[in-house]
Amino acid sequence: MKTLIKNGKLITASETFQADILIEDEKISRIGLGLKADSAQVVDASGKLILPGGVDPHTHFDLPMFDTVSSDDHYTGHKAAAFGGTTTAMDFASFDFDTMKESVDAWMKKAEKAAIDYSFHMNFNKFNDKIAKEIPSLRDMGITTLKVFTAYNGRLRLDDSSIFKTLQITKDNGMLVMVHCENGDVIDVLVPQALAAGHMSPEWHALTRPAWGAVDATLKMASMSAQADAPVYIVHMNVGGEVDMLRYARERGVKVMGETCPQYLFFTIDDLRRPDGAKWICSPPMRTEKDNARIWEGLHDGTFQTIGTDHCPFFFDGTKPIIYEGKPVKIPGKELGKDDFTKIPNGLPAVGDRLPILWTYGVRAGKITANQFVAYTSTNPAKIMGLYPRKGALLPGSDADIVIWDPEKRVKYGVTYSHHRTDYNLFEGWNVIGMPEKVFLRGKLIVDGDEWLGKSGQGQFLKRNEGEVL
Ligand code: URP
Ligand code: ZN
Ligand code: ZN
């Protein structure tokens with residue numbers, strides 16, 4: 001089967017140019033001006049932009065948390081991603097079983113309903129000699145990334161020597177350590193103190209997870225990266241000081257890379273002080289306008305490498321159903337912590353919002369260029385995670401994951417456009433200019449305007465190679 005997309009303007013991480021694209025079966029076969037293909041179905045993209053499908057390096061679908069589970073699974077979350085122009089998602093598999101193989105198998109089972117292509121990172125929250133020996137087997141499964149935590153003491157956190165040994169092993173095996181940076185010890189002192197003083201409201205989630213803890217953990221991990229000479233990728237960076245640490249280390253040749261997420265560009269601790277502040281609860285928390293501004297600056301000047309989402313949605317009021325694909329659905333959510341911020345499930349919806357919001361409030365607002373937008377949301381994650389040039393590229397031979405982007409489409413954004421399986425959207429009522437018009441996954445049209453043409457089970461597991469250090 002052949003599809004010819006004509007007259008569009010291609011935007012890649014480094015170039016913008018007019019060209020046609022020929023898709024044959026699942027791949028891009030040719031790119032050039034005036035292409036012809038007799039038997040091809042022709043799509044006229046005059047006035048439209050052509051982008052490589054988004055690659056989201058950071059999602060949490062179907063993740064058990066407290067007494068509930070994140071409300072998007074590997075089908076509903078993938079569908080929302082696709083409507084927002086993302087065609088590859090990388091989720092974090094929990095290390096719930098004795099072996100990593102069993103833990104990955106459990107995530108594979110959950111992902112059988114996948115609607116876009118996907119891969120996993122392994123949450124790495126325990127370490128001993130036996131587990132250390134198992135790390136290279138992950139690479140053989142096509143999973144080349146581990147996430148370690150400097151917080152969530154007693155649950156997910158690893159001590160420094162285990163993190164350092166992990167870095168030595170991943171370095172020797174062409175793998176990458178991702179890190180959640182906060183100071184778990186300080187958090188563990190502040191949270192019980194806040195509760196004992198009767199501070200139960202959502203803002204205390206942020207006040208008990210101080211920004212300085214994220215800064216010190218980021219510097220520590222940059223320093224570990226230097227000492228082990230191993231690459232490190234800091235996830236969900238949220239504080240201006242972290243950007244300074246990233247820049248400091250990168251200027252000295254340290255192989256440390258940084259990801260931020262839309263929520264840390266637009267929201268602050270003041271949002272947690274609203275009556276519906278629980279909607280903004282995630283870890284690490286929202287900070288200040290100064291932090292937002294410093295993160296934008298880091299995107300503008302190229303200190304950062306990627307923008308993921310950390311999509312981990314919960315209902316705001318999980319006692320009331322929403323209608324999803326014609327059926328009522330309710331899943332316990334943020335109301336679990338209405339009297340105690342420590343019981344509010346951590347996480348928020350974002351996977352479908354990433355491209356439309358960043359286009360309008362990043363590219364159109366002049367904060368990043370269209371090429372940076374593609375680099376941060378597609379090409380760089382694909383390169384770092386070992387998927388390039390299969391994903392993240394508009395090149396002959398790449399998977400035909402293509403977004404035809406309407407740069408003039410104007411909408412009042414919110415739940416009706418984001419398609420997340422939850423009852424709220426953080427960007428409700430925001431004016432958005434620029435949305436996906438058509439989305440192709442490996443040559444197959446899966447989103448056509450408002451219409452969903454995709455299906456559960458069509459997403460493929462992507463075995464990954466060693467990634468690049470950017
Ligand atoms: O609140 C969040 N971000 N939940 C997901 C877990 C994590 O640390 O990324
Ligand atoms: Zn994290
Ligand atoms: Zn996360």
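The figures that follow rest on heavy atoms only: side chains count, while hydrogens, waters and symmetry mates do not. What you see is a predicted model, and the numbers here were worked out from it, not measured in a lab. Just follow the structure's listing: the first ligand is 1, and inside any ligand the first atom is 1.
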Ligand-residue contact atoms, ligand 1 with C282, heavy atoms, under 4.0 Å: 1 (O)
Enumerated ligand 1 atoms positioned under 4.0 Å from heavy atoms of H180: 8 (O)
For atom 2 (C) of ligand 1, closest protein heavy-atom neighbour: S283 O, 3.5 Å
Enumerated ligand 1 atoms positioned under 4.0 Å from heavy atoms of K147: 7 (C), 8 (O), 9 (O)
Atom of D310 nearest the Zn ion (ligand 3) (restricted to N/O/S, atom name only): OD1
The Zn ion (ligand 2) to nearest N/O/S of F149 less than 2.8 Å: no
Sub-4.0 Å atoms of ligand 1 with respect to non-hydrogen atoms of H236: 8 (O), 9 (O)
Residue and atom name of the nearest protein heavy atom (relative to atom 6 (C) of ligand 1), distance in Å to one decimal: H60 NE2, 3.7 Å
Shortest protein contact, atom 3 (N) of ligand 1 (heavy atom only): D310 OD2, 2.6 Å
Ligand-side contact atoms (ligand 1) for residue partner N346, heavy atom cut-off under 4.0 Å: 1 (O), 2 (C), 4 (N)
N/O/S from H58 sitting under 2.8 Å away from the Zn ion (ligand 3): yes
Cation-pi geometry met for K147 and F92 (6.0 Å, 45°): yes
Side-chain H-bond candidate by donor/acceptor type, T170 with N173, under 3.5 Å: no
Atoms in ligand 1 with a heavy atom of H58 nearer than 4.0 Å: 9 (O)
N/O/S from H60 sitting under 2.8 Å away from the Zn ion (ligand 3): yes
Validation row, ring centre H236 to ring centre H180 under 6.0 Å: yes
Opening angle at the Zn ion (ligand 2) [NE2, H236; ND1, H180; to 10 degrees]: 90°
Test item: N123 side-chain N/O and F95 main-chain N/O as donor-acceptor pair under 3.5 Å: no
Donor-acceptor contact below 3.5 Å, side chain S398 vs main chain P389: yes
Ligand 1 contact on F314 by region, counting heavy-atom pairs under 4.0 Å: neither
is_close_aromatic(F461, F120), centroid dist under 6.0 Å: yes
Pair F427 and F267, ring centroids less than 6.0 Å apart: yes
Ligand 1 contact by F92, heavy-atom criterion under 4.0 angstrom: no
Donor on one side chain, acceptor on other, E325 and Y75, under 3.5 Å: yes
Test of ring centre spacing under 6.0 Å for H311 and H420: yes
W430 and Y361 aromatic centres sub-6.0 Å: yes
